2 protein chains.
Amino acid sequence: MSNEEIIRKFREKGVRVTIQRIAVYRAVLSSHHPDVDTILRMLKKDFPNLTAATVYNNLEALEKAGLIHKVLTDKGKMRYDGILEEHHHLLDTEEDVILDHFDEELTRMLMEYFRKKPIKGFEISRIMVQMFGRTKKEKE
Amino acid sequence: MSNEEIIRKFREKGVRVTIQRIAVYRAVLSSHHPDVDTILRMLKKDFPNLTAATVYNNLEALEKAGLIHKVLTDKGKMRYDGILEEHHHLLDTEEDVILDHFDEELTRMLMEYFRKKPIKGFEISRIMVQMFGRTKKEKE
DNA sequence: TTGATTGCAAAGGTTTTGCAGCTAC
DNA sequence: GTAGCTGCAAAACCTTTGCAATCAA
């Protein structure tokens with residue numbers, strides 16, 4: 001994505017443009033669920049003075065603007081996701097594994113369900129289904 | 001629940017019985033998604049020497065035994081849930097609050113959905129929907 | 001008896017905060 | 001000009017670990 005494109009996106013969302021913020025955004029887009037430390041390491045080359053505080057600040061700003069999503073690992077660590085596509089999780093109850101599960105039909109069905117049957121006193125912004133179970137062993 | 005009942009449950013699951021463990025289990029059952037600190041404070045009266053380490057140990061043991069569930073807040077904090085009945089969660093993205101959402105229709109709809117459209121290579125035993133969003137302020 | 005649990009203290013790791021100087025708008 | 005951002009250091013926070021004494025089975 002070109003810088004101009006990113007800057008346009010930021011402006012659209014009322015997000016201030018700084019080179020660090022653009023870099024953080026790029027880092028999230030270009031890697032798979034990075035955590036803060038990973039992002040820091042990725043950007044240290046270009047921004048030797050960059051610190052965790054700034055990365056956190058920017059991730060928060062980008063998330064508030066709806067440009068990225070926060071994902072929590074099973075251990076409660078923050079990771080970030082630049083793919084805004086809704087997805088769900090398969091959690092292995094024995095092996096501590098989380099798998100992404102993309103299922104547009106499911107997502108749509110749930111959105112529709114809650115549109116018809118809203119929850120009193122709660123405004124939903126995102127729905128995620130967690131399926132607990134076991135990964136089936138494949139015959140070999 | 002009587003002590004005898006709890007002890008029977010523990011034995012059934014092969015969980016060692018200690019008074020601290022019983023107390024931690026009671027604390028989870030009797031409160032809403034408590035975090036470790038809340039449990040500690042609840043039990044300090046009766047167990048002045050109780051420490052976080054022991055609470056963590058016991059929560060882990062109880063979770064492994066399937067007697068309670070671990071839930072992660074939107075902020076990545078561990079909370080525990082003693083309700084094993086199927087239900088869903090509303091997670092406040094601002095306030096570190098978890099609300100239970102009982103909705104049999106939703107649960108049934110999802111079970112039906114996955115019965116018709118099973119996930120290849122994964123056997124579902126429990127489905128939980130997490131809805132992230134904001135608790136709406138009531139007009140006063 | 002022996003393997004698990006407790007409680008204490010300390011460490012570990014992640015995220016947040018305060019603040020002075022700087023920057024985008 | 002001013003509200004917001006950066007970078008630094010320190011603090012805050014939550015969870016885990018090591019270990020000696022104790023306890024359940």
Side-chain angles (χ1 to χ4, degrees), chain A residues 3-4 6-25 27 33-41 43-65 67 70-80 96, chain B residues 3-4 6-25 27 33-41 43-65 67 70-80 93-96 98:
Chain A
N3 259 16
E4 288 68 34
I6 291 177
I7 291 173
R8 188 173 43 72
K9 279 198 176 209
F10 283 11
R11 294 244 158 87
E12 258 171 30
K13 303 281 187 176
V15 174
R16 263 190 198 211
V17 178
T18 70
I19 33 168
Q20 292 90 342
R21 185 161 293 165
I22 292 173
V24 168
Y25 186 48
H33 298 334
D35 58 12
V36 170
D37 207 55
T38 303
I39 295 171
L40 249 183
R41 281 201 311 277
L43 301 181
K44 271 290 186 188
K45 283 190 287 287
D46 295 326
F47 302 88
N49 297 326
L50 191 70
T51 57
T54 299
V55 176
Y56 278 107
N57 284 341
N58 284 324
L59 290 169
E60 199 190 321
L62 294 171
E63 208 217 349
K64 280 230 173 83
L67 290 165
K70 185 166 78 174
V71 186
L72 283 175
T73 64
D74 195 42
K75 293 200 153 51
K77 213 163 88 176
M78 291 177 176
R79 287 171 174 276
Y80 288 85
D96 197 33
Chain B
N3 259 17
E4 287 70 33
I6 292 177
I7 291 173
R8 188 172 43 71
K9 279 198 176 206
F10 284 11
R11 295 243 159 89
E12 258 170 32
K13 303 282 187 174
V15 173
R16 261 190 199 210
V17 177
T18 70
I19 33 169
Q20 293 91 340
R21 185 162 292 164
I22 292 172
V24 168
Y25 186 48
H33 310 107
D35 59 11
V36 170
D37 207 57
T38 302
I39 295 170
L40 248 183
R41 282 202 310 278
L43 301 181
K44 270 291 186 188
K45 283 190 288 288
D46 295 327
F47 302 87
N49 297 327
L50 190 71
T51 58
T54 299
V55 176
Y56 278 107
N57 284 341
N58 282 325
L59 289 170
E60 198 191 322
L62 293 171
E63 208 217 349
K64 279 228 176 83
L67 290 165
K70 185 166 81 177
V71 190
L72 280 177
T73 322
D74 192 49
K75 294 200 153 51
K77 217 163 85 175
M78 291 179 176
R79 287 170 173 274
Y80 288 85
T93 51
E94 301 293 323
E95 279 179 55
D96 197 37
I98 300 176

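Predicted model only: the values in this text are computed from it and were never measured. Lettering follows sequence order; numbering is per chain, from 1.
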Ignoring hydrogens and angles, write down the donor-acceptor pairs under 3.5 Å from the side chains of residues 6-14 of chain B, residues two or more places apart or on other chains.
| from | atom 1 | to | atom 2 | distance (Å) |
| --- | --- | --- | --- | --- |
| B:Arg8 | NH1 | B:Glu12 | OE2 | 3.3 |

Rounded off to whole Å, could you give me the [atom1]-to-[atom2] distance for the [X] and [N] pair?
{"X": "B:Ile39", "N": "C:dT6", "atom1": "CD1", "atom2": "P", "value": "13 Å"}
{"X": "A:Leu40", "N": "C:dT14", "atom1": "CG", "atom2": "C1'", "value": "12 Å"}
{"X": "A:Tyr56", "N": "C:dT14", "atom1": "OH", "atom2": "P", "value": "7 Å"}
{"X": "A:Leu59", "N": "C:dT14", "atom1": "CG", "atom2": "P", "value": "15 Å"}
{"X": "A:Glu60", "N": "C:dT16", "atom1": "CD", "atom2": "P", "value": "7 Å"}

[X] side, atom [atom1]; [Y] side, atom [atom2] - distance, nearest 0.5 Å:
{"X": "B:Asn58", "Y": "B:Thr18", "atom1": "CG", "atom2": "OG1", "result": "5.0 Å"}
{"X": "A:Lys77", "Y": "A:His33", "atom1": "NZ", "atom2": "NE2", "result": "13.5 Å"}
{"X": "B:Ile98", "Y": "B:Asp74", "atom1": "CD1", "atom2": "CG", "result": "9.5 Å"}
{"X": "B:Arg79", "Y": "B:Asp37", "atom1": "CZ", "atom2": "CG", "result": "10.0 Å"}

**Message:** Both A:Arg79 and B:Lys44 contact DNA chain C. Taking the nearest nucleotide for each, which residue is further toward the 5' end?
**Reply:** B:Lys44
**Prompt:** Start at the 5' end of DNA chain C and walk down; is the nucleotide closest to B:Lys75 or to B:Thr54 reached first?
**Reply:** B:Thr54
**Fill in**
Shortest non-hydrogen pair, A:Ala27 vs A:Pro34, comes out as O-CG, 4.3 Å
**Message:** If I compare all heavy atoms of A:Leu72 with all of B:Gly76, which pair ends up nearest, and what's the gap?
**Reply:** CD1-N, 3.3 Å
**Asked** Once each nucleotide of nucleotides 17-25 of chain C is scored for protein heavy atoms under 4.0 Å, what B/S/- sequence comes out, 5' to 3'?
**Response** B-----BBS
**Message:** If you assign B:Asp37 and A:Ala61 each to the DNA chain D nucleotide with the nearest heavy atom, which residue ends up on the more 5' nucleotide?
**Reply:** A:Ala61
**Message:** Evaluate B:Leu59 against B:Ile39 for side-chain contact (heavy atoms from CB on, under 4.5 Å), listing each step before the verdict.
**Reply:** CA-CA 10 Å; B:Leu59 289 170; B:Ile39 295 170; 4.0 Å; yes
**Fill in**
Outermost contacting nts on DNA chain D, any atom under 4.0 Å from chain A heavy atoms, listed 5' then 3', are D:dA3 to D:dC8
**Message:** Heavy atoms only, 4.0 Å cut-off, all strands: where does A:Asn58 land among base, sugar-phosphate and nothing?
**Reply:** sugar-phosphate
**Request:** Using atom types as modelled and distance alone, determine if a side-chain donor or acceptor of B:Arg21 lies under 3.5 Å from a backbone N or O of B:Arg16.
**Result:** yes
